[in-house]
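In what follows, a structure is listed as structure tokens, so that the remarks can point back to it.
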Amino acid sequence: GWDFTGATHTEELHKRLISTIMLRRLKSEVLQDLPEKVRAFVPMELDNVDEYHRAEQHFISYLRETRGVDAARKALAAETLTQIEVLKQVAVRGKLAQAINWIEDFLESDNKLVVFCMHRNVIDLLMTHFGKIAVKVDGSCAPSARQLAVDTFQKMPAVRLFIGNIQAAGVGLTLTAASNVAFLELPWTPGALVQAEDRCHRIGQKNCVNVHYLLATDTIEERIAGLLDAKRQVLDAVLDGRITEQESLLTELMKQYTNA
């Protein structure tokens, strides 16, 4: 009977945190000379629109058939995540050719670029395409290989593209040789997103950091991006005292599709 969705009493929680256990210092307060971070949406078009629409309709039908079934709620939640993951992968597959063209156009500027993805097959495809000018860090990399990839990207002018898995490369690495970050896929939490952005936006960065979200228009990617922003507002409410209410990421995503 406990409803744990959404966020309530965030102002009260914020006050309790700062009065008991939390001492919060913003990066803007501690590193006042750090340049700004600017985010931009880069719309991508699918080259597999029919395949995506079939996958989307299958997902919507699945939700409408299973909604309201309580006996297997946990199993349904796991299956729903699987269905969502299929839809996400169809979307990224359909925009990949255009995303590669965008990366090629960007690299003509002779600036370095950090690209974040979620799936190894996407990372491997990018590595195959960009060859010797790219390095990667994903879950298959040993610690020594991770550090070698970072050092190579940081120190060698000819290596202008860093391709990273958000989980494996989104924390702990310094990639300040680049001031541009691009996301081909999105994680489920805003914290993972911000941490990945901050591989470039950290001590040692001299330039404004530009974050580019290469998202397929009119797909699940746009919906997830909006929900990530909403979840970020909840975190801001708890950590900084601004009152915001928002349902959980998965629940809100499902509602958007079932009400479509």
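FYI, side chains are in, hydrogens and waters are out, and symmetry mates aren't considered; it's all heavy atoms of this structure.
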Could you walk me through whether E197 and K37 pass the side chain to side chain contact (heavy atoms under 4.5 Å, CB included) check? CA-CA 9 Å; E197 295 172 353; K37 185 192 299 182; 3.0 Å; yes
To the closest 0.5 Å, what do you measure between [atom1] ([X]) and [atom2] ([Y])?
X	Y	atom1	atom2	value
K112	F162	NZ	CZ	11.0 Å
L173	R202	CG	CZ	8.0 Å
F116	Q167	CZ	CD	10.5 Å
F59	I220	CZ	CD1	5.5 Å
M118	Q89	CE	CD	10.0 Å
N165	K136	CG	NZ	10.0 Å

Residue set satisfying side chain to side chain donor-acceptor pair (under 3.5 Å) with S179, at least two apart, ordered chain then number -> none
Would you say I84 and W188 make side-chain contact, with heavy atoms under 4.5 Å?
yes
Less than 4.5 Å apart, side chain to side chain, heavy atoms only: is that true for K88 and E185? no
Listed by chain and number, what are the salt bridge (Lys or Arg N to Asp or Glu O under 4.0 Å) partners of [X], not counting sequence neighbours?
X	value
K95	E221
E104	none
D151	none

Across all chains, not counting sequence neighbours, the side-chain contact (heavy atoms from CB on, under 4.5 Å) partners of H53 are V49, E56
Could you tell me which non-hydrogen atom of [X] sits nearest to which non-hydrogen atom of [Y], and how far apart they are?
X	Y	answer
I166	P187	CD1-CD, 3.7 Å
A55	V90	CB-CG2, 4.3 Å
E36	H201	C-NE2, 3.9 Å
T217	F41	CG2-CZ, 4.0 Å
L228	P190	CD2-N, 3.5 Å
C208	V38	SG-CG2, 3.5 Å

| message | Could you check whether atom CD of E45 has more than 12 heavy atoms from other residues, nucleotides or ligands sitting under 6.0 Å from it? | response | no
Subject >> Whether over 12 other heavy atoms sit under 6.0 Å from H58 NE2 >> reply: no
Is it true that a side-chain atom of R199 and a backbone atom of T174 form a donor plus acceptor pair closer than 3.5 Å? no
Within the distance-only criterion (no hydrogens, no angle test), does the side chain of D138 pair as donor or acceptor with the backbone N or O of A168 below 3.5 angstrom?
-> no
Would L186 and L215 satisfy side chain to side chain contact (heavy atoms under 4.5 Å, CB included), going step by step from the backbone distance to the final call? CA-CA 9 Å; L186 296 174; L215 305 180; 3.9 Å; yes
Audit row: F183, V181, side chain to side chain contact (heavy atoms under 4.5 Å, CB included) steps and yes/no
CA-CA 7 Å; F183 286 89; V181 183; 3.9 Å; yes
Grouping ILVMFWY residues whenever side-chain heavy atoms fall under 4.5 Å, the cluster of L126 otherwise contains V42, M44, V92, L96, I100, W102, I103, F106, L107, L113, V115, V122, I123, L125, M127, F130, I133, L161, I163, L184, L214
Apply salt bridge (charged side-chain N to carboxylate O under 4.0 Å, His left out) to D47 and R93, showing your working. CA-CA 9 Å; D47 59 19; R93 185 164 63 245; over 6 Å; no
